[in-house]
Amino acid sequence: MIDVRRIRSDYDGVYAALARRGMDALPGLAEVRELDEQLRKVAAKRDQTRAQIKELSNQVAHLHRKGDREEAAALQAESRELGEHEKRLSVEADDLRNQIRELLLRIPNLPADDCPDGEDENDNVELRRVGYDPETYGSHQRVPHWEIGAELGILDIERAVKLSGSMFTMFRQQGAVLARALCQAALDRNSDVFEEIRPPSVVLTETMISTGHLPKFADEAYQIERDDLWLIPTAEVPLTSLGRDEILDEGDLPLRYMAYTPCFRREAGSAGRDTRGLLRVHEFDKVEILAYTTPDQSAAVHAELLARAESMIADLGLAYRVIDLCAGDLGNSAARTFDIEVYAPGCDKWLEVSSVSWFSDYQARRANIRYRRAEDRRTEIVHTLNGSALAVPRVWAALVETHRQPDGSIRIPEVLHPYFRGATTISK
RNA sequence: GGAGGGAUGGCAGAGCGGACGAUUGCGACGGUCUUGAAAACCGUUGAGGGGCGACCCUCCGGGGGUUCGAAUCCCCCUCCCUCCGCCA
């Protein structure tokens, strides 16, 4: 949520920043400004009326003590009338406040100043490409992972579909070990500074609102209507709400958390796109890394998260590129995002495996996460950042394609050896 | 699921219709003392909103109600604790 006061004091600046996302980011903005102006007028009147009632009540108490019942009764009548007035103003103010919040919840974050201009993914900026040379891939690596998986018996899509429908998947044998090893390696390598959390995978509506996944993107998430609960689309959701309604100490920041969780996505509207194999599935495992920072710390921590995510991919021996998302392609809550895409030689595609984002105070304002400044003891809203340390299916796919040997077996990267019960290859 | 008890400022914990936005203790911050530190002593210290400002308003788990006036009384909800039932 962006700050109403900013809309009030720098409307043109907010308008211009949002316009960088495209014109569909602007609806509601002008209305918020108008409603806010009305609200302040009504609230001022309401407060004034309340002050009068308080004053009269005090006088009533005083008169009662003196025993002047007649005068007291007169003031009571007057106060009762003011009470009616106060009630009407109160209802009006509450109504305005709710309207403003509803609109504000749907207005996206302002892109960072240094976020590149652009309309859509075609305008994204590729920052670097690491380990990629199309000449070096042999024909044995040009086999898509769904074929490799079937051949080795480590991926069983047909039966997953039997159990749960299309776009669900199932790993078997060493394939299942690989999925788990990837997660465990990601957690272990980040355990030096990230606190490991195992949060609930099912959360309340309020928790989904805090990150910006609701109300705008309800169609993307699985809802358990009967209990008013939602399946998390990412560990970002519970981890961001850890600090909800809390005031942290500046000295404790940055706070870094990581979590391994399943992630559930309806992928509404993307049916038929990337449906083959593991490229787009309804449920997958992921290790997320996340931080709460002061505004000053956020840039450095953003770089740190990116470096962490990148080095994991590099250590798995995968080729990847880093993309700086343009303003038009930015996610709703993000101010700046770097995507990491791995190259999958078998299907000859770049696969997005991590979005490392800085959300400025957008999510934290929704979640009301604050910190107390050491210098003047005042409270301020924290910044949140997060990214995938590892997302299983796509990395799994790129890995088996990249490390497929001429004999059809898969070489297990060294960083995963500790998790493979002594095996160094996956073969029939 | 049933019965009872609870929810108050960073934490602990009073208050139970009228100067209560809230006694007190701890913690935190500032100061005195000290070569320095500890201890002791003194002072400050909840959050949010509005107004150029003196100030004003809101918040005692959440929502309704009674009253001139509610942290205090009534109703509903949520969560926590104890006991019973059920259960991986």
Side-chain angles (χ1 to χ4, degrees), chain A residues 1-10 32-104 198-210 224-230 238 241-253 255 292 294 361 364-382:
Chain A
M1 199 155 64
I2 56 179
D3 192 348
V4 220
R5 285 172 296 192
R6 190 146 170 207
I7 296 175
R8 210 180 282 158
S9 63
D10 180 25
V32 167
R33 178 165 68 165
E34 275 169 41
L35 292 173
D36 175 58
E37 210 164 300
Q38 285 180 40
L39 171 62
R40 276 181 300 154
K41 278 186 198 145
V42 173
K45 262 192 248 169
R46 179 202 57 195
D47 288 356
Q48 213 180 336
T49 310
R50 280 177 178 168
Q52 285 172 23
I53 291 171
K54 271 193 171 179
E55 176 54 31
L56 285 174
S57 293
N58 283 336
Q59 287 179 28
V60 169
H62 193 67
L63 290 170
H64 271 306
R65 253 171 277 156
K66 276 200 332 199
D68 189 347
R69 307 195 62 87
E70 244 175 69
E71 182 65 19
L75 291 187
Q76 282 177 21
E78 190 181 339
S79 180
R80 202 173 309 148
E81 219 166 285
L82 280 173
E84 301 287 310
H85 188 49
E86 191 272 347
K87 191 158 237 171
R88 278 196 302 276
L89 290 168
S90 226
V91 167
E92 197 181 337
D94 289 351
D95 184 49
L96 285 166
R97 192 176 295 282
N98 289 336
Q99 283 183 54
I100 291 169
R101 184 174 164 82
E102 285 305 309
L103 289 167
L104 235 34
R198 179 48 259 235
S201 311
V202 179
V203 297
L204 298 168
T205 298
E206 185 55 38
T207 307
M208 291 282 280
I209 288 175
S210 291
I224 305 167
E225 277 182 83
R226 188 166 149 167
D227 297 300
D228 191 26
L229 292 168
W230 301 78
S241 279
L242 272 190
R244 195 162 77 216
D245 294 322
E246 293 191 21
I247 300 174
L248 310 166
D249 279 329
E250 179 170 4
D252 292 336
L253 298 175
L255 281 171
Y292 300 165
T294 67
D361 60 5
R365 179 169 292 106
R366 286 169 167 252
N368 190 30
I369 310 169
R370 292 167 290 173
Y371 72 98
R372 191 178 299 287
R373 294 202 296 214
E375 196 189 341
D376 53 14
R377 312 294 300 157
R378 294 188 61 82
T379 55
E380 190 164 348
I381 299 184
V382 304

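Every chain is numbered from 1 and lettered A, B, ... according to where its sequence line falls, protein lines coming before strand lines. This structure is a prediction, so every number in the text was calculated from the model and none was measured. The figures here come from the full heavy-atom set of this structure, side chains too, leaving out hydrogens, waters and symmetry mates.
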Is a donor on one side and an acceptor on the other found under 3.5 Å between the side chain of A/R33 and the backbone of A/I7?
no
Just to confirm, is there a sub-4.0 Å distance from OP1 or OP2 of B/A47 to any side-chain nitrogen or oxygen of A/R372?
yes
Rounded distance in Å - CZ (A/R244) to P (B/U78)
17 Å
Without decimals, in angstroms, what is the distance between A/I247 CD1 and B/A28 P?
18 Å
Taking the same atom, P, in B/G46 and in B/U23, what whole-Å distance lies between them?
10 Å
What is the distance, to the nearest angstrom, from the CD atom on A/E246 to the C1' atom on B/A47?
14 Å
CD of A/Q48 to NZ of A/K45: how many Å apart, nearest 0.5 Å?
9.5 Å
What pair of heavy atoms forms the shortest contact from A/V202 to A/L229, and how long is it?
CG1-CB, 3.6 Å
Any residue meeting salt bridge (charged side-chain N to carboxylate O under 4.0 Å, His left out) with A/E55, in chain and number order, not counting sequence neighbours
none
Mind checking which stems touch RNA chain B? I mean at least 3 consecutive Watson-Crick or G-U pairs, both distances under 3.5 Å.
B:1-7 with B:78-84, B:10-12 with B:24-26, B:27-32 with B:40-45, B:46-50 with B:55-59, B:61-65 with B:73-77
Identify all pairs in which a protein N or O lies below 3.5 Å from an N or O of nucleotides 59-64 of chain B, and state each distance.
none

Between B/G48 (C1') and A/I381 (CD1): distance, integer Å:
11 Å
When you compare B/G50 with B/A12, how far apart are their C1' atoms, in angstrom units rounded to a whole number?
34 Å
Can you check the A/E55 CD to B/G18 P distance for me, whole Å?
18 Å
Donor-acceptor pairs under 3.5 Å, side chain of residues 242-253 of chain A to any protein atom, not counting sequence neighbours: which ones?
| unit_1 | atom_1 | unit_2 | atom_2 | d |
| --- | --- | --- | --- | --- |
| A/R244 | NH1 | A/T207 | OG1 | 3.2 |
| A/R244 | NH1 | A/S241 | OG | 3.0 |
| A/D245 | OD1 | A/N368 | ND2 | 3.0 |
| A/E250 | OE1 | A/A374 | N | 2.7 |

When every nucleotide of nucleotides 50-55 of chain B is labelled 5' to 3' by its protein contacts under 4.0 Å (heavy atoms), B for base, S for sugar-phosphate only, - for none, what sequence of letters results?
SS----
Of the options B/G48, B/C68, B/U58, whose atoms approach the side-chain atoms of A/R370 most closely?
B/G48
Under the side-chain contact (heavy atoms from CB on, under 4.5 Å) rule, what do A/D68 and A/E70 come out as? Steps first, then yes or no, please.
CA-CA 6 Å; A/D68 189 347; A/E70 244 175 69; 4.1 Å; yes
Could you give the distance from CG (A/L104) to CE (A/M1), rounded to the nearest 0.5 Å?
5.5 Å
Determine the interatomic distance between P on B/G6 and the same-named atom on B/G61; round to the nearest Å.
13 Å
Calculate the interatomic distance between A/R365 atom CZ and B/G49 atom C1'; express it in whole Å.
14 Å
B/U58 phosphate, OP1 or OP2: any side-chain N/O from A/R46 under 4.0 angstrom?
no
Taking atom P in both B/A14 and B/A7, compute the distance separating them and give it to the nearest angstrom.
9 Å
Is the CZ atom of A/R373 crowded by more than 12 outside heavy atoms at less than 6.0 Å?
yes
Could you pull out every donor-acceptor pair under 3.5 Å between side chains of residues 73-94 of chain A and any protein atom, sequence neighbours left out?
| unit_1 | atom_1 | unit_2 | atom_2 | d |
| --- | --- | --- | --- | --- |
| A/Q76 | NE2 | A/H64 | NE2 | 3.3 |
| A/E86 | OE2 | A/R50 | NE | 2.6 |
| A/E86 | OE2 | A/R50 | NH2 | 3.2 |
| A/S90 | OG | A/R50 | NH2 | 3.2 |

First encountered from the 5' end of RNA chain B, between A/A61 and A/Q52:
A/A61
Measure the spacing between CZ of A/R97 and CG of A/L39 and express it to the nearest 0.5 Å.
5.0 Å
B/C86 to B/G69 separation - C1' atoms, rounded to the nearest Å:
49 Å
State which of B/G18, B/G69, B/G65 makes the closest approach to the side chain of A/I53.
B/G69
Integer angstrom distance from the C1' of B/A22 to that of B/C60
8 Å
Over 12 non-hydrogen atoms of neighbours within 6.0 angstrom of CZ in A/R6
no
On a whole-Å scale, what distance lies between the C1' atoms belonging to B/G27 and B/G13?
14 Å
Do other residues, nucleotides or ligands put more than 12 heavy atoms under 6.0 Å from the CZ atom of A/R198?
yes
What's A/S79 touching, base or sugar-phosphate or nothing? Going by heavy atoms closer than 4.0 Å.
sugar-phosphate
Take A/R65 and A/G83, find for each the nucleotide of RNA chain B with the closest heavy atom, and name the residue whose nucleotide sits nearer the 5' end.
A/R65
In this structure, which one of A/N98, A/V4, A/L96 forms a side chain to side chain contact (heavy atoms under 4.5 Å, CB included) with A/L35?
A/L96
Just the rounded figure in Å: distance from P of B/G69 to CG of A/L56.
10 Å
Determine the Euclidean distance between corresponding P atoms of B/A39 and B/C29; express it in Å to zero decimal places.
12 Å
Which nucleotide in the set B/G18, B/C57, B/U66 lies at the smallest distance from any side-chain heavy atom of A/H64?
B/G18
Let me know the distance between CZ of A/R50 and P of B/G21, rounded to the nearest Å.
15 Å
